[in-house]
Amino acid sequence: MHNPDIAELFSRYAVLLEVKGANPFRVRAYRNAARTIENLPRDINEMLGGGADLTELPGIGEDLAHKIADIVTTGRFTPLEEISRRLPGHLAELAEVPGLGPKRIKLLFHRLKVGSMADLAAAARAGRLRKMKGFGPKIEANILKEIERRAATTTRLRLSVAEQIGGPLLAWLRDTEGVEEAVIAGSFRRRRETVGDIDVLVTCRKGSSVIERFVLYPEVADVLAKGSTRATVRLKSGLQVDLRVVPARSYGAALVYFTGSKAHNIALRAMAMKRGLKFNEYGVFKGARWLAGRTEAEVYAKAGLAYIEPELRENSGELEAARDGRLPDLVSLSDIKGDLHAHTRASDGQDSLKEMAEAARKLGYSYLAITDHTAHVGIVHGLDRRRLRQQMAAIDRLNAKFRDFRLLKSAEVDILPDGRLAIDPGVAKELDLVVAAIHTKFGNDARTQTDRLLRAMDDPCVNIIAHPTGRLLGEREPYELDMQRLMEGARERNCLLEINAQPSRLDLNGAHCRLAKQIGVRLVISTDAHTAETLGYMRFGVDQARRGWLEATNIANTRNLATLLAQLKR
DNA sequence: GCCGTTTTCGGCCCGACTGTTTTCAGTCG
C-alpha cells in the first residue's frame, strides 16, 4: 500500500459515504485527506517507519491517522469493506460521470440495481434511465455520450500541450469586440505539470458577445453549457474549456476564484469569514457592500494576506505563510544563468555544438553544459573516449571565440545496475562536470534503486543526478525510490539533483522540490534539450521549482559561472 | 472527520447552469 493506493481508498470511501447520505463534512474530510496523501513527497510507509506523526499533516487528525496506520499494517481498509457489503465498491466509479452525483447514483442503485459503469451503460442503452424521477432523455443521452467518450480515452494533457491549445483560443477571444482581459486560470495558471481542462476568464463590456463568439471557435466540437456569464465546450482535441465572463471590477476576485485550487479557495474563504467578510468571484463583501475585487492583491489584502503566487495556491501552507509574512521569494526564469544538460547530434540530439551555443547565448545565458551520452550498451551513438576528447577539443575552439559565455565540457553518464558509471575515469576527470542518470533497470525496488544512486554519487566525479525519478508523464511511472534518503545522501556528498524541464518529465516534482529545500540539498534546473529550440523548455522547470517553493538561492544555475563551478567542487 | 486570531463544540464556500420541473433539486467548479 503506497500513497496513491491509500488516497484511492479514501476517495472511493468518500463517494460511498456520500451515496449513503453521510454527513457531507465527513465526506469532505476523507477527500481532503486523500488529496493530502496524494501530494506527499514521501511514502507513508517510510514516514510511519520513521515514527512520523501523521496528525501533523493538514486534514489528518487522530482518527484518520489511526486508519492510515491500519491500512499500512494490514493492507486493508475495513470501513470500506463494511460499506461495500451494502453498496458495491464499483459504485464509486459512477461519480466520474459528469451529471452523476450522490443522489442520482443512489437512485440508480436502488431502483435499477446499477452498481458499475457497465451496468450504467446497459441501462442507458436500454432507455431505462429516462423513466427515473429527476432523469430524462437528455441526461440519459449525456451519460451515453460520456460512456462512449471514455471508451475513446482522454487523459490529462501535459502543460506544454495545453499551452499549444490554449494560446490560439485566447487570441480568438481577445479578438472579440469589447473584450478587455482574457487569461487562462485554473491548474494551467498554477502551472501544474498536467491539466484536465482549461479555465478562461474574460472581462468584457458586453458579456453575451464573448460567449457567442466563444462557442463559434472553429475547434469547438460540443457546447456542453451556455449561459450569460459562463459557457463550457469540448474541443475537437477532447479538452474541455470553461469560459467565465465577469465585470472589470471583479477581475481580481474572479482570477483568484478560477485559479483555485479549490482547496485554496475554501481555506481562503474560511479565513475571510472569520473577519466577517464574504468572498465570491465578484469581490469581497461586508454584508451587501462591495469592498474590493479589481486585483488579486487587494482581495488577498482584505483577508489580511500578502499576495500569493498562483504556483503556491494548493492550500499546503501558503495561506498561513502569507498571513505571517513568510512567503518565499520564488525563483523566476530571469534568474537562470545557464543550462547544465543538453545534447548535440554527437549523440541523440539534432543540432551542432555551435547551434546549441548560439541558442543559449540568445537566451542570455553565460554557460551551457554539453552533456552527450557516453558509450554504453543500450545508449545509441554514445561517445567513447576518443569521440568525447574530440568534442572537448571542438568546445575549446568555440570557447576561444566567445566572451561572457562558455560551453562546459560534460557528459550524461549512465548509472550501471550496480551503481558504477559508464565512463572511463580518466576522461571523466577532464570534464568540467558530470551528469549521471539511470536509464535501465527501472523495476528495482526502492532500497536497491536508492542504494544504486547513492553508490553512483560516491564517485566524486559525479556532480548532478539527472531526472532523479525517471518518470515519463502518462507513459512511465517513476521508479521506486526513497527520496528522503537520496536527498540526504546527495547533501552529504555535495552532489546536486536536477529538476528536468522536459515537459514530459518534470522530475523532481513540486513536492520533491519542497522536500529538497527542507533537507537543504541544492538543485539545478536543466532542459535536457535535444534541439537548440527546446533550450526554451527551461520555463517549465522553473514553474516546477516555483510550485516547490524554491528561491534562486536553492538553484545552482542561478549563480554566475565562477560561483557555479565553486559550488560543483566536491 | 477536522479544527481553533471569536469556538475543544459547533461550525464547515458559494454561485451558475441544466434538466427537470411548474418552482427547484442536483451537479459542477
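All heavy atoms count here, side chains included; hydrogens, waters and symmetry mates do not. Naming convention: chains lettered A, B, ... in sequence-line order (proteins, then strands); numbering from 1 in each chain.
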Determine the interatomic distance between C1' on dG26(B) and the same-named atom on dG11(B); round to the nearest Å. 24 Å

Just to confirm, is there a sub-4.0 Å distance from OP1 or OP2 of dC28(B) to any side-chain nitrogen or oxygen of Q240(A)? no

Report the distance from atom NZ of K106(A) to atom P of dT27(B), rounded to the nearest whole Å. 11 Å

Whole Å only: how far is the CG atom of N23(A) from the P atom of dC12(B)? 12 Å

Kindly list each side-chain donor-acceptor pair under 3.5 angstrom involving residues 95-104 of chain A, sequence neighbours excluded, with atom names and distances?
residue, atom, partner, partner atom, Å
E96(A), OE1, R150(A), NH2, 2.8
R104(A), NH1, G99(A), O, 2.9

Spacing between I198(A) atom CD1 and dG29(B) atom P, to the nearest angstrom: 15 Å

For K517(A), all residues meeting salt bridge (Lys or Arg N to Asp or Glu O under 4.0 Å), sequence neighbours excluded: E551(A)

Check this one for me: any side-chain N or O of N280(A) less than 4.0 Å away from OP1 or OP2 of dG15(B)? yes

I'd like the C1' distance from dT23(B) over to dC17(B), given in whole Å. 16 Å

Nearest whole angstrom, please: distance from the C1' of dC12(B) to the CZ of R28(A). 6 Å

Phosphate-side-chain proximity, K262(A) and dC14(B), N/O vs OP1/OP2 below 4.0 Å: no

Pairs touching residues 244-253 of chain A that satisfy side-chain hydrogen bond (donor to acceptor under 3.5 Å, both in side chains), sequence neighbours left out: none

Can you see which heavy atom on A34(A) is nearest to which on F10(A), and at what distance? CB-CB, 3.9 Å

Name the atoms and distances for all side-chain donor-acceptor pairs under 3.5 Å in residues 129-140 of chain A, with sequence neighbours left out.
residue, atom, partner, partner atom, Å
R130(A), NE, E140(A), OE1, 3.0
R130(A), NH2, E140(A), OE1, 2.8
E140(A), OE2, L129(A), N, 3.1
E140(A), OE2, R130(A), N, 3.0

Counting side-chain heavy atoms from CB outward, which of dT6(B), dC14(B), dG1(B) is closest to A29(A)? dG1(B)

If I pick the C1' atom on dC12(B) and the same atom on dT20(B), what distance separates them, to the nearest angstrom? 30 Å

With sugar-phosphate meaning primed atoms plus P, OP1 and OP2, does P24(A) contact a base, only sugar-phosphate, or nothing at under 4.0 Å between heavy atoms? nothing

Can you tell me how far P in dC3(B) sits from the matching atom in dC13(B), rounded to whole Å? 14 Å

Is the phosphate of dG1(B) approached by R26(A) (side-chain N or O, under 4.0 Å from OP1 or OP2)? yes

So L268(A), base contact, sugar-phosphate only, or nothing? Heavy-atom distance under 4.0 Å. nothing

Between dG15(B) atom C1' and Y257(A) atom OH, what is the distance in whole Å? 6 Å

Pairwise C1' distance for dT8(B) and dG1(B), with rounding to whole Å: 15 Å

Expected rows: protein N/O vs nucleotides 16-19 of chain B N/O, under 3.5 Å:
residue, atom, partner, partner atom, Å
dA16(B), OP1, Y282(A), OH, 3.1
dA16(B), O3', T229(A), OG1, 3.3
dC17(B), OP1, S228(A), N, 3.3
dC17(B), OP1, T229(A), N, 3.0
dC17(B), OP1, T229(A), OG1, 3.1
dC17(B), OP1, R230(A), N, 3.0
dT18(B), OP1, K226(A), N, 2.4
dT18(B), OP1, K226(A), O, 3.3
dT18(B), OP2, K226(A), O, 3.4

In terms of relative ring orientation, are F77(A) and Y30(A) parallel, tilted or perpendicular, with 30° and 60° separating the classes? tilted

Tell me the partner of dT18(B), counting only Watson-Crick (N1-N3 plus N6-O4 or O6-N4) or G-U wobble (N1-O2 and O6-N3) with both under 3.5 Å; none if nothing fits. dA25(B)

Exercise: do N509(A) and H512(A) side chains pair donor with acceptor under 3.5 Å: yes

Length of the line joining D242(A):CG and dG15(B):P, which is rounded to integer Å: 19 Å

Taking the nucleotide of DNA chain B with the closest heavy atom to each, which residue, G99(A) or G276(A), is nearer the 5' end? G276(A)

With a sphere of 6.0 Å drawn around CG of D53(A), does it hold more than 12 non-hydrogen atoms of other residues, nucleotides or ligands? yes

Measure from CZ on F285(A) to P on dG15(B) and round the result to the nearest Å. 9 Å

Pairwise P distance, dC2(B) and dT6(B) [rounded to whole Å]: 23 Å

Using the P atoms only, state how far dC9(B) lies from dG19(B), rounded to an integer number of Å. 47 Å

Rounded to whole Å, how long is the line connecting atom CZ of R323(A) with atom C1' of dG4(B)? 11 Å

Pairwise salt bridge (Lys or Arg N to Asp or Glu O under 4.0 Å) hits with a residue in residues 259-277 of chain A, at least two apart: none

Could you say whether R269(A) or D324(A) is positioned toward the 5' end of DNA chain B, judged by the nucleotide with the nearest heavy atom to each? D324(A)

Base, sugar-phosphate, or nothing for V97(A), non-hydrogen atoms under 4.0 angstrom? sugar-phosphate

